[in-house]
*Asks:* 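Below you'll find the structure I mean.
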Amino acid sequence: QVQLVESGGGLVQAGGSLRLSCAASGRTFSRTDMAWFRQAPGKERDFVGGIRWSGGSPYYADSVKGRFTISADNAKNTVYLQMNSLKPDDTAVYYCAAGFIGGKYSDGRLYNDWGQGTQVTVSS
């Protein structure tokens, strides 16, 4: 079983920054794409961005391009989401996902493993 543990959420003022971490472990952890999603209250889960363990540039949703940066530490099996210039609209529970089975990377249904989520709240 794969375990994904997010951390780093919290309360921040608009314009501020946070860095989320997602540590992956487990005997069946597959080093495929990992992604971040978020879900605001009353809204559907949205894709934020993702990265391939094998290399290549991270990819992002248009809503966060230029503000968010995803990186990975292969040795630690950890993916990071650096969030800058935060806006109140970024308020959500943020989840990391792994076990991508292929297809459209922004489709959360194509990921088998999910973390418990971490709350990010941006005040105006």
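Note: hydrogens, waters and symmetry copies are ignored here, and every other heavy atom, side chains too, is used. Because the structure is predicted, anything quoted here is derived from the model rather than measured.
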*Asks:* Taking all non-hydrogen atoms of both residues into account, name the closest pair between Ala98 and Tyr111 and its distance.
*Replies:* O-CB, 3.5 Å
*Asks:* Please test Ile101 against Asn112 for side chain to side chain contact (heavy atoms under 4.5 Å, CB included), starting from the C-alpha separation and ending with a verdict.
*Replies:* CA-CA 8 Å; Ile101 63 175; Asn112 285 325; 3.3 Å; yes
*Asks:* Kindly compute the distance separating CZ (Phe100) from CG (Asp107), expressed to the nearest 0.5 Å.
*Replies:* 8.5 Å
*Asks:* Between SG of Cys22 and NZ of Lys76, what distance do you get to the nearest 0.5 Å?
*Replies:* 14.0 Å
*Asks:* Between Ile70 and Gly50, what is the shortest heavy-atom contact and its length?
*Replies:* CD1-N, 3.3 Å
*Asks:* Hey, is the main chain of Leu11 close enough, under 3.5 Å, to the side chain of Thr121 for a donor-acceptor pair?
*Replies:* no
*Asks:* Using the ring-ring contact (aromatic ring centres under 6.0 Å, His included) rule, pick out the option among Tyr94, Tyr95, Tyr105, Phe47 that qualifies with Phe37.
*Replies:* Phe47
*Asks:* Side chain to side chain contact (heavy atoms under 4.5 Å, CB included) for Tyr60 and Val48? Distances and angles first, verdict last.
*Replies:* CA-CA 6 Å; Tyr60 304 95; Val48 174; 5.8 Å; no
*Asks:* Looking at every heavy atom in both Ala40 and Thr91, which two are closest together, and how far apart are they?
*Replies:* CB-O, 3.6 Å
*Asks:* Would a 4.5 Å heavy-atom cut-off, applied to side chains only, mark Arg45 and Trp114 as touching?
*Replies:* yes
*Asks:* Side chain of Glu6, backbone of Ser21: donor and acceptor closer than 3.5 Å?
*Replies:* no
*Asks:* Within a strict 4.5 Å, meaning less than it, do heavy atoms of the Tyr59 and Arg52 side chains meet?
*Replies:* yes
*Asks:* Please find the pair of heavy atoms, one from Gln119 and one from Val93, that lie closest to each other, and give the distance.
*Replies:* OE1-CG2, 3.2 Å
*Asks:* Kindly compute the distance separating CD (Gln3) from CG (Asp113), expressed to the nearest 0.5 Å.
*Replies:* 9.0 Å
*Asks:* Quick one: do Arg38 and Asp46 make a salt bridge, cutoff under 4.0 Å?
*Replies:* no
*Asks:* Distance from Ser25 atom OG to Asn77 atom CG, nearest 0.5 Å?
*Replies:* 8.0 Å
*Asks:* With clusters defined by side-chain heavy atoms of hydrophobic residues (ILVMFWY) lying less than 4.5 Å apart, directly or transitively, does Ile51 cluster with Val5?
*Replies:* no
*Asks:* Taking side-chain contact (heavy atoms from CB on, under 4.5 Å) as the criterion, tell me which of Val122, Val120, Val64 meets it with Met83.
*Replies:* Val120
*Asks:* If every non-hydrogen atom of Ala14 is compared with every non-hydrogen atom of Ser124, which pair is closest and at what distance?
*Replies:* CB-CA, 4.4 Å
*Asks:* Does Lys65 pair with Asp62 as a salt bridge, N-O distance under 4.0 Å?
*Replies:* yes
*Asks:* Quick one about Asp73 and Thr78 (side-chain donor to acceptor, distance below 3.5 Å, no hydrogens or angles considered), yes or no?
*Replies:* no
*Asks:* Under 4.0 Å between a side-chain nitrogen and a carboxylate oxygen: does that hold for Asp89 and Lys87?
*Replies:* no
*Asks:* How far does CG of Leu81 sit from OG1 of Thr69, to the nearest 0.5 angstrom?
*Replies:* 8.5 Å
*Asks:* Is there a side-chain contact between Leu20 and Gln82 in this structure, where contact means two heavy atoms from C-beta onward sitting under 4.5 Å apart?
*Replies:* no
*Asks:* Looking at Leu18 and Leu86, what are the two nearest heavy atoms and their distance?
*Replies:* N-CD1, 3.9 Å
*Asks:* Does the structure place the NZ or CZ of Arg19 under 6.0 Å from the centre of the six-membered ring of Tyr80, at an angle of no more than 45° from the ring's axis?
*Replies:* yes
